[in-house]
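Remarks on the structure that follows.
Whatever order the structure lists ligands and atoms in, that order sets their numbers, starting from 1.
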Amino acid sequence: MSLLQVKDLNIEFHDHIIPETVVYDFDLEIDQGEIVGLVGESGSGKSMSAMAIAGLLSRHDMTKRGSIIFDGTDMLNCSRDKLRSIQGDTLSVVFQEPMTSLDPLKKIGYQVGESMMLHRPDISPEDRKKRVIEVMSHVDLDEPEKLYDMYPHELSGGMRQRVMIAAAMAITPKLLIADEPTTALDVTIQAEVIELLKHINRKHNTSILFISHDLSLVRSLCDRVLVMQQGRIVESGSTKQVFEHPAMEYTKKLISSIPKVEIDDTDC
Ligand SMILES: Nc1ncnc2c1ncn2[C@@H]1O[C@H](COP(=O)(O)OP(=O)(O)OP(=O)(O)O)[C@@H](O)[C@H]1O
Ligand SMILES: [Mg+2]
């Protein structure tokens, strides 16, 4: 069985007079170790779908229908406690803007170790610190011992994004959802974050759902791609197939908007 199976997911908001469906009949399977890209114009429903999968859409003014089975758990019908035990343990999420995801008042080391503290109370504080420093060095953060006692505002944007990835990877999840993790970063650092995600995937066999507007990054990172338009998946297939032989006019347009730069295809 796949690590993640999403079937007929529909998400509807009720905070207006007329209910608004923002995701229709969304289907997705991800196997352990697979990297899947989710692309589509702004407002097409990528983040809503991803947040539903991560169990982060708990508002009372919305309905979620369909099924999301992650690692054997029914994510739409399980208890809050069960969801919390999965979040930050077997499933982690990295968002676009690390400054809003990191707490400005807490030290970096504490934040990277937070999910370990919650999910692995058996690990002693000393061992946790060791593991946090190790995981920070794995994401190429220099002088992790020094960073451990620093605050988010003392770090650059690229460093903060690495800290977020370190925090998401601290207890090696089975699935990492990365929603535009590189958008706020400059091009060189974007490429480094992509290399880091590839490395994490190879080393730990972590599955990744990668959401991005940057199709050249999707092409270099992902095994498969789903294309969303107005709340629906309109095309899906292997990265090679979707990029080389797009079926939909919409996908062709998205692809043709990629700036013409050298693309490293070696890992496709
Ligand atoms: N509270 C809400 N009530 C109604 N519709 C909402 C609400 N919040 C978000 N939406 C709508 O849900 C749709 C999907 O939004 P979503 O954030 O998933 O898009 P996205 O594909 O991630 O876009 P982007 O690429 O800009 O991040 C959008 O049309 C948005 O307007
Ligand atoms: Mg989004």
(request) Taking all heavy atoms of I171 and all of D89, pick out the closest pair and write down the distance. (result) CD1-CA, 3.7 Å
(request) Compare every heavy atom of A168 with every heavy atom of L176, then report the nearest pair and how far apart it is. (result) CD1-CB, 3.7 Å
(message) Using 2.8 Å as the threshold, say whether any N, O or S atom from S47 sits that close to the Mg ion (ligand 2).
(response) yes
(message) Against L217, only a single residue in D214, L215, L221 fulfils side chain to side chain contact (heavy atoms under 4.5 Å, CB included); can you say which?
(response) D214
(message) Same cluster or not: V193 versus V187, using hydrophobic residues (I, L, V, M, F, W, Y) connected whenever any side-chain heavy atoms lie under 4.5 Å apart?
(response) no
(request) Mind listing the closest non-hydrogen atom pair of N205 and G33 along with its distance? (result) OD1-CA, 3.1 Å
(request) Could you tell me whether the side chain of F210 reaches within less than 4.5 Å of the side chain of V36, counting heavy atoms only? (result) no
(message) Can you list every protein residue that has a heavy atom under 4.0 Å from any atom of ligand 1, sorted by chain and residue number?
(response) F13, D15, E20, V22, E41, S42, G43, S44, G45, K46, S47, M48, R59, E180, H213
